Each structure stands twice: as C-alpha cells, then as structure tokens.
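What follows is one structure encoded as structure tokens, with my remarks underneath.
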Amino acid sequence: MYSLLIETEDPNLVLYARMAAEKGLHVFMDKPGSQSTEDFEEMLSVILKNQKVFGIGYVYRFHPLIQKTLSQVKEGKLGKLYSVEAHMSRDDKDEKRRWLEKFHGGMTFFLGCHLIDLIHLFMGTPEEITVLNACTTPEKHKADDLGMAAFRYPDGMSFFKVSAAEPGGFMRRQLVVCGSLGTVEIRPLEEHWKEKEYHCISQSISAFRAQKDIPLNWDDKGTIETCAPYHRYEAMFADFARRILEDRPSTEEELLREARVHRILLASCGIPCDFKESISL
C-alpha cells in the first residue's frame, strides 16, 4: 500500500503524477495540473485503470463552513441556487508576478483554480464563460496578475476574482452562495490563527427566509457563526489516507469531475477548450 505526494513546479506535476500512477501508486498532487487537457486526462485514465486513489490540493473543499453550506444546500435551505461569488487575492512582489508569466491566465491558473472548483461544486458546469484576465502593471511584466471570469447558467450567473496585486487582499478572501431562500457569505474564507501553525479561523453570515414568498427586511443582519480553529490541510490529507486504508479507489464519476473542473479552469485562462463536451477516461 504505497502512495506518492507530489508538489513541484506546475509544468511537471502531471508528468510525475502519471509516472507514479503507472507504477501502481496512489497519487496526491498539488493543484491545478497541466495546461493541457490531454496530459491531465490521460493521467486520470491511468488512475482509473489501476483502481487507485487520487487526491488534489483543493483545500477549500474541506473547509468546515463550506461543508456546512453544502449540507444546507442539499437540505434545501437555500432554495434554488442562482449565483456563487468567490474572491481570493494577495499582494505579491514583482518577482512573483513575473513568475506568473509562465502560465496562460497567470493568477487565474495559479489560484483561481481554487475558486473555480468551488463554483463548480455548488453550480455545476456553466453554459458560457466570459474571460476578463488582465495585467495591472504592463510596464513591469506581462503576467495576468488580475484574473476574473463570469459563468453564465440557465437561471443565473457566477463569477470569481483573483489578484496578485491587491493590498489587503488576503482578508477579502470570501465565498458568497445565493439561493432563492437564503444567502451564505463566508468571510474571511480563512484567517491565519496565530496560536498554532497552519491553523485558520473563519466566519459566516447567513440569512434565510422564514417563509418562501416573503422577503427578509432590507436591513436584516443575518446570523453570524465563527468556526473553531482548524488545520488548513489536515482534513484533506486525512480523507486521502482514509480512502486508501478503506480500499476505496477514486470512482470514474469523481475523476470525471476533476477533468471537468480542469477544463473549466483552462477555458477561464483563455486557453481554447471545449469545457462542456462529454469526457471519456
């Protein structure tokens, strides 16, 4: 029972992940993978063929307040979802922004992948993607250090914004999930807890209609919930280990979702990609 955790320069992530999978190892890789659909999906095909467990570093999937919001959605408390808004920003030095030149889409590829994963988790595959990536300081570098894309759905719209050039951007990391019966805002999405390394705290504000057809008062302040400090990575790696120990290889459905999120990411980076077509592994 062997596994390999891969964290290296992004262009080599899928290369090494496929090599490990071909050796019959369980694979956990850093996000987001190659800028090639073929490379990424061929690697997933090897995982599926060899019946191994696959994990990828999308930490927010295991965020306690996001997990709670997903449960509320499944219970119908938010009604019909029509929008997800997601922000994740930093204030990086010029050196880091120049590093982003390696990738089509720059910051969208590097960190926007986390937000695209969340939007897809709640809303599924969009009908249309409008890409709005930009370079804020073209006199210094060519990287898209400001990323944004709008996703059109049959009955709504979602978007993400990600920046490497936003002073105070870390504290504006947030997720807003809107439905016909309620709204949940998680902000800050994560705040480093100074008492213990790699631990975070987070807070949500939720508002739900008491009756289906009666809107809330315009100044309703909602209900505030602060979650207990949690380890940023523990739940993610615990889930990976648990599936290995319980001999639960990644299913075709799970791997197809990884492929779909990857395609939506590439399309959001401005890379030509049919993100809606059927995928076969």
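Predicted, not measured: the structure shown is a model, and the values here were computed from it.
Not counting sequence neighbours, the partners of R18 by the salt bridge (Lys or Arg N to Asp or Glu O under 4.0 Å) test are E22, E42. When the side chain to side chain contact (heavy atoms under 4.5 Å, CB included) test is applied to V176, the partners found at least two apart in sequence or on another chain are E85, Q174, C178, T183, E185. Every residue two or more places apart in sequence or in another chain that forms a salt bridge (Lys or Arg N to Asp or Glu O under 4.0 Å) with R257 is listed here: D117. Under the rule for a salt bridge (Lys or Arg N to Asp or Glu O under 4.0 Å), E195 has no partner lying at least two apart in sequence or in another chain.
Under a cut-off of 6.0 angstrom, the local environment of CD in E246 is crowded, with over 12 non-hydrogen atoms contributed by other residues, nucleotides or ligands. For E225, the CD atom is densely surrounded, since the number of other residues' heavy atoms within 6.0 Å is greater than 12. For R248, the CZ atom is densely surrounded, since the number of other residues' heavy atoms within 6.0 Å is greater than 12. The number of heavy atoms from other shown groups lying within 6.0 Å of CD (E75) is above 12.
The aromatic rings of F28 and F237 sit tilted relative to each other, their planes meeting at an angle between 30° and 60°. Aromatic ring orientation, W193 versus H199: tilted (interplanar angle from 30° to 60°). Between Y153 and F151, the ring planes are perpendicular. Angles over 60° get that label, and only those under 30° would be called parallel. A perpendicular orientation is assigned to the rings of H114 and Y58, their planes being inclined by more than 60° (bins at 30° and 60°).
Side chain of S163 to backbone of L146: no donor-acceptor contact under 3.5 angstrom is found. Judged by distance alone, the side chain of D30 and the main-chain N or O of L13 form no donor-acceptor pair under 3.5 Å.
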Identify every side-chain donor-acceptor pair in residues 98-107 under 3.5 Å, counting partners at least two apart or on other chains, and give the distances.
unit_1, atom_1, unit_2, atom_2, d
E101, OE2, K142, N, 2.8
K102, NZ, E9, OE1, 3.0

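Legend: side-chain hydrogen bond (donor to acceptor under 3.5 Å, both in side chains) pairs involving residues 269-281, not counting sequence neighbours, sorted by first then second residue: R263-E277.
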